Amino acid sequence: MSKNVELKNTLNLPRTDFPMKADLPRREPEILAWWGRSNAYHGIRGARKGCPPFVLHDGPPYANGNIHLGQALNKILKDFVVKSRSMMGKDAAYVPGWDCHGLPIEHRVDKELGEAKAGMAPLEVRERCRKYAEHFIAVQREEFRRLGVLWDHRLDEEEERKGAPSRRAIYRTIDRTYEAEIVRQLGRFFEKGGAYFGEKPVHWCTSCRTALAEAEVEYRDRKDLSVYVRFPVRGLEQRVPALAGRRVSVVAWTTTPWTLPANLAVCLHPELQYVAVEEGGETYIVAEGLLPAVASALGWSGTTIAAAFRGRELVGEGKEWIGARAPLDRPYPAPSGPASGPGVLILGTHVTLDAGTGCVHTAPGHGAEDFHVGRLYGIPPFNPVGDDGRFLAERVGAPWLAGAFVLDANEPIVRDLEARGLLLRREEVAHTYPHCWRCKNPVIFRSTPQWFLSMEASGLREKAVAEIRRSSWLPAFGEERIAQMVATRPDWCISRQRTWGVPIPLVVCGACFPGAPDAFVRDRAFFEHLRKLFLAEGSDAWFGAPAAGGTVRPYAGREERLARLVPAGVTCPRCGKRDRLEFQEHIVDVWFESGVSHSAVLGRDASLPWPADLYLEGHDQYRGWFHSSLLVAVNDRESAPYRGVLTHGFTLDGEGKKMSKSLGNAISPIDVAEKRGAEILRLWVSQVDFLEDMRLSDEILDRNAEAYRKIRNTFRYLLGNLDGFDAARDSVPYPEMEEIDRWALHQLEALRRRILSAYEGHQYHVVYHALHNFCGVTLSSFYLDVLKDRLYTASRRSPARRSAQTVLYRLAADLARLMAPVLCFTADEVWQEIEALHGRPKWGEATVHAALFPEPLAVPDDPALLERWDGLLRIREVVSKALEGARAAKRIGGSLEAKVRIEAPEETVAFLRTFGDEVRFLFLTSGVEFGPAGEDALRSEAIEGMRVEVLRADGEKCGRCWSYTTDVGRDAALAEVCSRCAAVVREIAGLREPA
RNA sequence: GGGCCUAUAGCUCAGUUGGUGAGAGCGCACGCCUGAUAAGCGUGAGGUCGGUAGUUCAAAUCUACCUAGGCCCA
């Protein structure tokens, strides 16, 4: 054995089982398994039993497909919230949810079934959809779990195994308890008179044959046939004498010629200027501001203006309407109703000069604004189009249109107009047009019988806005955003003509309805009866009765259905009879379903109270879940379901572009977890400011993996130097510590405060930056680097070394907890090592997540200490620069080969002298002396009058501590080492000190 | 087309009510160490604060417009 090895054996080098290589893809699943085995969720909740509850109520992702990055981000953020609130001393339950009903799943099932679906009973289709949803809940459950998101996994597995129809560990909108709550909440609207039946143009997908919510419509570019059409008008001379004796037409422009058969009016703006121009013997009326554009489009030249007037002057505001005949001439019929007769000219403020002619073709059955303006004039919507998008023979005036698909009817309609001399121009236009989010086909506006929830009937709008004001919104602009939406949104169309959803219990009287549109059942007893029925059997009870083997068979007939669904005594509110009651088949908008979640999930026990403390979703949910949940809660309880709402931005690629599968720039969170580890993804979530949109790319993941390694290595070093340290036995009291150790404790305390307040305010990126900076700068490059000499060379049990270890222990134990919500796996790895230091088994019962955040350190305020060390660090920077100069000049290699001579103002020298001999260790040099510096000394820019010269260290290198000293070999028995080391070696070897 | 939001070094973030030459960490380059070693340390180079025009003695910070991007609507 060589001398060097022997000397090395007298050092206290780091030793730990905590590996440098994280191997996260392998290790994380092991830790997950341990959390499962040890029932960590229960351990955590148990540790907080009786503590004030904190409820983050989970917004349910849709149970379709693998999770994407945005969902991963959302759930990881929620996990940060839940874990950090728990460590703050709150009993933080977490019940994740899934949104299971709706079109996307029904579509997938439709595709799988193909032709077979046509012959299938609703119950069969629903069963397929349920299986589909359950499959993807299982997929997503594992994926979220893999990311470290914690909930009651054990109970979840148990309920899943049993196939429980309702769950407690998670919630599903297909749970019976949930469906029962949906019916109850519908009843709350119906019984208050907030629900009504009406005709309304809605986005209608002719392929899916259903009304679509705004959220189900997406806008894409499309080419269509656009036309300029003239509407001959008579009687205008009564208003504008200059038009007497002329053949006058108003000119309108439309990109949907197929809606012309439903035209009932032409709309002008009351305040805009219009002109009547002469062209080829005809007189045309268009908005003055659009005349150049129209003239150019129609090839007019040298037109003369016959008259000019405002819309108001031409149309008048009374009921003596001016007839505007055009497409309304034969073969199209005139509708009956208050505005029966030929089409008319009307006024509307929605008319703009953005495009067209300023005279707007108006079909109240096919447009939202048309509908509204029609209502003002008492013109009811007229819709000649069936639910398959084909003209209805009994309604459309032209027999040759009957059965034609609307989008294919443009051409024949235009040809017909042309033949009758009404067409002024046709052209292709590219424009954005609504499409079905699911089948991607263009959708149409079509007035249909639907069910609505009124925003006004019971003051819902007003109360909802007031509740928005009472809630807290982060970021702050969210409050205005949702308040504006609620203030201006139309009534809520809740009916959908599909199969996979919760039925709206609609029972109308065949005798009275729809002549009397309020002739439908809305008794409280009826909804209560259905609630109980759904609770017992699920919403399938609407379609059939329980049969053998837990299946459901369709009702034999109306009588059986009536007997089961409508309690005795419930009758038509109009005629009081029961014998004509009929069932309507509508399911409820899925936004209503998810809007019920707060009531279905919260309030069932004291640790899960209603309302929630926090909702946390992407900022698209102002229009979605925050909104629907608010309306349901306000209607039911006159209160918002949340105290606070936090939103995050969207995940974008490295260039700030939207991620999408088709662009090929999407990053799969599970891929990241499997290749790099969930911790890397979690670290990314923690480092970005999630209030804004966030970018992710491979480069960014690389950066995070590097940051992770830095943090991990810092822990490895802390733990390595705690080998054999027993905090209870070996800790050194604060007053007896080395000064730099006391300084380090103050740094830790400052960090603790900073991180805790960051958690409090959901500023996880502050947690990250503070932690990472602390590990890299405060610890690794300074404190731990300086400490090496003491930790390695001082005697194992010496007070000096114990003083350092006392701090290292605090650092490890506190930092592990401070980072636990973010690096949830690694924190537990560290925690297990700390358990071992206490003589307890690793991977026993204790998870770091059941611990509380560190208490404030009992360190006295000492601003002088901090200022003193700030000063030292500034000087150390100058010394480092000087050393680097010497290194570059090849005069030294390692800094221990050097001593520095410092020339500085008296006060600076005096300051440095207060550190005594310690100062050479702080500079990592073998010596520091004061006095005039030589020619090539480095002049400090920061400190006036300071110069630092680097010289070769005096003496020889000690074979043990590697410092250069003049006393190496003074102890003849230990010729290789300095006196300082000699004393330690003698102590270890049990040798007496030399005389 | 409308409303709201965002734009500081390669990356992620700081930049208090406009006021000394714009900061940090990481990355990068160069070098050191080989007793944290697929680690550790040091030094250095990187930004006309998205662009333009204003307000002001003074703007990354205020105003207008433009560009790029995001969300929600039409």
Side-chain angles (χ1 to χ4, degrees), chain A residues 4 7-9 11-16 18 20-21 214-215 217 219 350 352 354-355 367-369 431-434 475 477-478 480-482 484-485 488-489 618-624 627 647 649-658 683-684 686-689 691-697 699-707 709-710 712-721 763 765-766 768-777 780-782 784-789 791-793 876-877 879-890 892-897 924 960-962:
Chain A
N4 277 345
L7 280 178
K8 194 164 170 173
N9 288 340
L11 294 168
N12 310 298
L13 295 178
R15 201 171 72 183
T16 176
F18 186 84
M20 173 182 288
K21 193 169 181 329
E214 280 298 343
V217 170
Y219 291 83
H350 62 284
T352 68
D354 292 344
E369 283 167 334
H431 59 151
T432 56
Y433 191 82
F477 63 72
E480 277 318 302
R481 197 160 164 181
I482 189 169
Q484 266 183 40
M485 287 181 193
T488 58
R489 67 157 294 155
H619 55 52
D620 55 334
Q621 297 304 325
Y622 290 117
R623 165 95 23 204
H627 191 133
T647 59
F650 274 62
T651 53
L652 309 173
D653 72 7
E655 268 68 57
K657 299 276 173 62
K658 195 191 298 213
L683 200 59
W684 169 72
S686 81
Q687 72 148 358
V688 295
D689 179 358
L691 298 181
E692 295 168 13
D693 291 346
M694 297 143 282
R695 298 179 177 201
L696 185 62
S697 62
E699 188 200 347
I700 293 171
L701 284 169
D702 284 344
R703 290 295 94 81
N704 280 282
E706 279 152 8
R709 268 184 246 123
K710 183 72 188 187
R712 184 177 182 90
N713 260 319
T714 303
F715 277 103
R716 178 173 145 87
Y717 189 76
L718 297 175
L719 293 168
N721 285 292
Q763 295 199 295
H765 66 300
V766 172
Y768 165 88
H769 284 281
L771 180 72
H772 187 234
N773 249 33
F774 190 77
C775 287
V777 181
S780 191
S781 81
F782 177 60
L784 298 181
D785 210 21
V786 168
L787 231 47
K788 282 174 190 165
D789 177 85
L791 288 166
Y792 298 172
T793 69
R876 190 174 185 265
E877 253 180 73
V879 172
S880 290
K881 280 196 214 313
L883 288 168
E884 185 61 23
R887 204 155 17 227
K890 302 288 178 199
I892 59 165
S895 56
L896 283 176
E897 291 169 32
L924 303 175
R960 184 166 177 275
C961 71
W962 295 350

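Below, each value reflects all heavy atoms present in this structure, side chains not excepted, and no hydrogens, waters or symmetry copies. The structure displayed is predicted, hence computed values, not measured ones.
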Next item on the list: Could you check which of A38(B), C33(B), C71(B) has an atom nearest any side-chain atom of Glu897(A)?
Entry: C33(B)
Margin query: What is the separation between atom CD1 on Ile892(A) and atom C1' on C32(B), rounded to the nearest whole Å?
Written below: 9 Å
Item checked: U61(B) and A9(B), which share atom name P, separated by this distance in whole Å -> 14 Å
Check: What stem regions, each of at least 3 consecutive Watson-Crick or G-U pairs below 3.5 Å, can be found for RNA chain B?
Finding: B:1-7 with B:67-73, B:10-13 with B:23-26, B:28-32 with B:40-44, B:50-54 with B:62-66
Next item on the list: Return the set of residues passing ring pair (Phe, Tyr, Trp, His ring centres under 6.0 Å) with Tyr622(A) (not counting sequence neighbours), or none when no residue passes.
Entry: Phe626(A)
Notebook entry, point to check: His765(A) side chain N/O closer than 4.0 Å to the phosphate oxygens (OP1, OP2) of A14(B)?
Noted result: yes
Item checked: Same-atom distance (P) from A7(B) to G50(B), integer angstrom -> 8 Å
Note to self: Is there a side-chain contact between Lys658(A) and the phosphate of C71(B), meaning an N or O under 4.0 Å from OP1 or OP2?
What the structure shows: yes
Check: Within the structure, does a side-chain N or O atom of Lys890(A) lie under 4.0 Å from either OP1 or OP2 of C32(B)?
Finding: yes
Margin query: I'd like to check the ring pair (Phe, Tyr, Trp, His ring centres under 6.0 Å) partners of Phe774(A); sequence neighbours left out, ordered by chain and number.
Written below: none
Notebook entry, point to check: Closer to the 5' end of RNA chain B via nearest nucleotide, is it Glu692(A) or His769(A)?
Noted result: Glu692(A)
Check: Could you run down nucleotides 40-46 of chain B 5' to 3' and tag each one B, S or - for protein heavy-atom contact under 4.0 Å?
Finding: SSBSS--
Item checked: Separation of the C1' atoms in C13(B) and U8(B), to the nearest angstrom -> 10 Å
Notebook entry, point to check: Which part of the nucleic acid, if any, lies within reach of Glu655(A) when heavy atoms closer than 4.0 Å are counted: base, sugar-phosphate only, or nothing?
Noted result: nothing
Next item on the list: Calculate the interatomic distance between His619(A) atom NE2 and C71(B) atom C1'; express it in whole Å.
Entry: 5 Å
Checklist line | Presence of Lys21(A) side-chain N/O under 4.0 Å of A38(B) phosphate oxygens OP1/OP2 | finding: no
Notebook entry, point to check: Residues two or more places apart in sequence or in another chain: which of them pass ring pair (Phe, Tyr, Trp, His ring centres under 6.0 Å) with His627(A)?
Noted result: none
Checklist line | Nearest-angstrom distance, C1' atom, G46(B) to C11(B) | finding: 13 Å
Check: What pairs with Asp785(A) under side chain to side chain contact (heavy atoms under 4.5 Å, CB included), at least two apart in sequence or on another chain?
Finding: Lys788(A), Leu924(A)
Check: Expressed in whole Å, how much space separates the C1' atoms belonging to A59(B) and G51(B)?
Finding: 16 Å
Note to self: Taking only the P atom of each, what is the distance from A64(B) to G70(B) in whole angstrom?
What the structure shows: 24 Å
Check: To the nearest angstrom, how far is Asp689(A) atom CG from A7(B) atom P?
Finding: 10 Å
Check: Expressed in whole Å, how much space separates the C1' atoms belonging to A14(B) and G2(B)?
Finding: 35 Å
Checklist line | Closest-nucleotide 5' rank along RNA chain B - winner of Trp684(A) and Glu706(A) | finding: Trp684(A)
Notebook entry, point to check: Is there a donor-acceptor pair under 3.5 Å between the side chain of Arg695(A) and the backbone N or O of Asp653(A)?
Noted result: no
Note to self: Please classify the nucleic acid contact of Gly720(A) as base, sugar-phosphate, or nothing, using heavy-atom distances under 4.0 Å.
What the structure shows: nothing
Note to self: Strictly below 4.0 Å: does Arg489(A) bring a side-chain N or O up to OP1 or OP2 of C73(B)?
What the structure shows: no
Notebook entry, point to check: Tyr792(A) stacking on G35(B): centroids under 5.5 Å, ring planes under 30°?
Noted result: no
